[in-house]
Colleague: 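Handing you this structure, nothing more for now.
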Amino acid sequence: MADLRTRYLGMELRSPLVASSSPLTGTMDGLRRLEAAGAGAVVLPSLFEEELATQGPPAGAGAGGQAGYGAGPGAYLDLVSQARAALEIPVVASLNGVSRGGWASYASRLEEAGASALELNIYYVSSRPGLSGSDVEWHYLDVVRAVRRATRLPLAVKLSPSFSSLTNMAGQLVEAGANGLVLFNRFYQPDLDIETMEVLPALELSTSTELRLPLRWIAILHRRHRVSLAASTGVHTATDVLKVLLAGADVAMMTSALLRNGPDHLRPLEVQVRDWMDGHGFETVDQLRGQLSQRSVPDPAAFERANYIKTLASHSASGRRLPGVPSDGAGTRSG
């Protein structure tokens, strides 16, 4: 039987299936169910910078074993302590924000509470015209350096896919102290209500189609820097899990699939991943990891511009017409 053990952020996990930050990981009941279903690790819901700026519930307020979004720093610390005491799998704390101030000081408190590792979810959407791309990069690096100085915990950074040179930025983050990169942060987009004339929050769960963006960049980043890689967004099926491992990821993180199907969704995935590995002669995750990374495939350009050409060509070869292109090839232009 295939061995699913893997390493992430220097920690040995029994499986690459990781339950990412969600309401399911915000209660002790949810955390126990995820561990029982086979999760290799859990990432707690993010503690938001806005919560650190306000007087949250005191320590002990989370004694019921839950710290949902907005519960406050005290309840969050309690959940970290309780989870570490009750679970055998690693418990990763998560901080979500923009500035360096509150994060650096709170990172040490999470370490004291017993967190196995820390994930920095730098949720930063720049809308200021005077702020350059290098300014945004510097801001990320400044936060990572500050947190790195404040804690010895293994540190992962959950990245935006919108950097001009993602490979370069990844290297700079590693130099700043990141032990792992999570690809990618899924920014929620606001909606507009045309009747009430309001800006509304809108949440839509991901689909497997969204896996292609992290899949491409994990394949490109594999073995370029000495850093752990985690795939996030679009991991739903055993096929998705195998794809990200073959691309070079250490773990496959899931949120939407678990919210949609519950913690027990992990059980059949583990069986299906093992069955595929057994059928294809892979005894360990290490043996298959990176087999389809950019450095391993015969045509590395498939992950870059040539991929665009091949995608269009494959669509045409299938007999399906591209939008706006007549079947006889006599193209017309629309204004």
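Keep in mind that the numbers below use all heavy atoms, side chains included, and drop hydrogens, waters and symmetry copies. Residues take their numbers from the sequence shown, with the count starting at 1.
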Colleague: Please name the pair of heavy atoms, one in L110 and one in L153, separated by the smallest distance, quoted to 0.1 Å.
Modeller: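 Between these two residues, the closest heavy atoms are C-CD1, 4.5 Å.
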Colleague: Do any N or O atoms from the side chain of T25 and from the backbone of V43 form a donor-acceptor pair under 3.5 angstrom?
Modeller: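 Side chain of T25 to backbone of V43: a pair is present.
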Colleague: Quick one: does H265's side chain have a donor or acceptor within less than 3.5 Å of a partner on A37's backbone?
Modeller: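 No; judged by distance alone, with no hydrogens or angles, the pair does not exist.
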Colleague: So, S208 versus D240: side-chain donor-acceptor pair below 3.5 Å or not?
Modeller: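 Side-chain D/A pair, S208 to D240: present.
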Colleague: Donor-acceptor pair, distance only, cut-off 3.5 Å: does the side chain of S15 make one with the backbone of G40?
Modeller: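 It does not hold such a pair.
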Colleague: When rounded to the nearest 0.5 angstrom, what is the spacing between CZ in R216 and CD in Q294?
Modeller: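 One finds 9.5 Å between CZ of R216 and CD of Q294.
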Colleague: Checking the side chain of E35 only, and the main-chain atoms of E88 only, is there a donor and an acceptor separated by less than 3.5 Å?
Modeller: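 Such a contact is found between E35 side chain and E88 backbone.
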Colleague: Mind checking whether V285 and D250 have side chains closer than 4.5 Å, heavy atoms only?
Modeller: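 Sidechains of D250 and V285: no contact.
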Colleague: For R260, check salt bridge (Lys or Arg N to Asp or Glu O under 4.0 Å) against everything at least two apart and list the hits.
Modeller: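 Applying salt bridge (Lys or Arg N to Asp or Glu O under 4.0 Å) to R260 gives none.
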Colleague: For the residue pair S160 and N185, what are the closest heavy atoms and their distance?
Modeller: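 Nearest heavy atoms, S160 then N185: N-CB, 4.4 Å.
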Colleague: Just wondering, do S94 and Y76 contact through their side chains at under 4.5 Å, heavy atoms?
Modeller: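 They are in side-chain contact.
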Colleague: Are L258 and L4 connected, step by step, through hydrophobic side chains (Ile, Leu, Val, Met, Phe, Trp, Tyr) whose heavy atoms are closer than 4.5 Å?
Modeller: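 L258 clusters together with L4.
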Colleague: I want to check something: taking the side chain as every heavy atom from C-beta on, are R14 and I89 in contact at a cut-off of under 4.5 Å?
Modeller: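 When only atoms from C-beta onward are counted, I89 and R14 do touch, with a gap below 4.5 Å.
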Colleague: Could you check if a side-chain atom of P214 sits within less than 4.5 angstrom of a side-chain atom of V244, using non-hydrogen atoms only?
Modeller: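 No, too far: nothing below the 4.5 Å cut-off.
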Colleague: Any idea which heavy atoms bring T255 and S21 closest together, and the distance?
Modeller: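 Result for this residue pair: OG1-O, 3.4 Å.
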Colleague: Just so I know, are the side chains of P16 and L245 near enough to count as touching, which here means a heavy-atom distance under 4.5 Å?
Modeller: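 Touching, per the 4.5 Å side-chain cut-off.
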Colleague: Indicate whether any N or O donor in one side chain lies under 3.5 Å from an N or O acceptor in the other, for T167 and H225.
Modeller: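 Not at all, the side chains of T167 and H225 share no donor-acceptor pair under 3.5 Å.
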Colleague: If every non-hydrogen atom of M11 is compared with every non-hydrogen atom of A117, which pair is closest and at what distance?
Modeller: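 Minimum heavy-atom separation between M11 and A117: CE-CB, 4.0 Å.
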Colleague: Can you check whether S206 reaches H236 side chain to side chain, under 4.5 Å on heavy atoms?
Modeller: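 The answer is yes; the side chains approach within 4.5 Å.
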Colleague: Using only atom types and a distance under 3.5 Å, with no angle test, would you say the side chain of D135 pairs donor to acceptor with the backbone of S132?
Modeller: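 It does hold such a pair.
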Colleague: Strictly by modelled atom types, are D78 and S81 linked by a side-chain donor-acceptor pair under 3.5 Å?
Modeller: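 S81 and D78 do not have a side-chain donor-acceptor pair below 3.5 Å.
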Colleague: Identify the two heavy atoms, one from G26 and one from L79, that lie closest to each other, and give their separation to 0.1 Å.
Modeller: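 Heavy atoms only, the tightest pair is O-CD2, 3.7 Å.
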Colleague: With D286, which residues qualify under salt bridge (Lys or Arg N to Asp or Glu O under 4.0 Å), at least two apart?
Modeller: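 So D286 forms a salt bridge (Lys or Arg N to Asp or Glu O under 4.0 Å) with R289.
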Colleague: Hey, what do you get for CG (L246) to NE2 (H222), rounding to the nearest 0.5 Å?
Modeller: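 Spacing of CG (L246) from NE2 (H222) equals 10.5 Å.
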Colleague: When the side chains of residues 172-184 are checked against the rest of the protein, which donor-acceptor pairs come out under 3.5 Å, sequence neighbours left out?
Modeller:
unit_1 : atom_1 : unit_2 : atom_2 : d
Q172   : NE2    : N168   : OD1    : 2.7
N179   : OD1    : R148   : NH1    : 2.9
N179   : OD1    : L155   : N      : 2.8

Colleague: Keeping E111 on the side-chain end and R152 on the backbone end, is there a donor-acceptor pair under 3.5 Å?
Modeller: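 Yes.
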Colleague: Check whether any side-chain heavy atom of L120 lies under 4.5 Å from a side-chain heavy atom of Y140, and answer yes or no.
Modeller: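 No, their side chains stay 4.5 Å or more apart.
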Colleague: Looking only at heavy atoms, what is the nearest atom pair of A150 and A104, with distance?
Modeller: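 Smallest heavy-atom distance, with atoms named: CB-O, 3.0 Å.
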Colleague: Find out whether Q291 and H280 are in side-chain contact, i.e. whether some heavy atom of one side chain is under 4.5 Å from a heavy atom of the other.
Modeller: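 Contact flag for Q291/H280 side chains = no.
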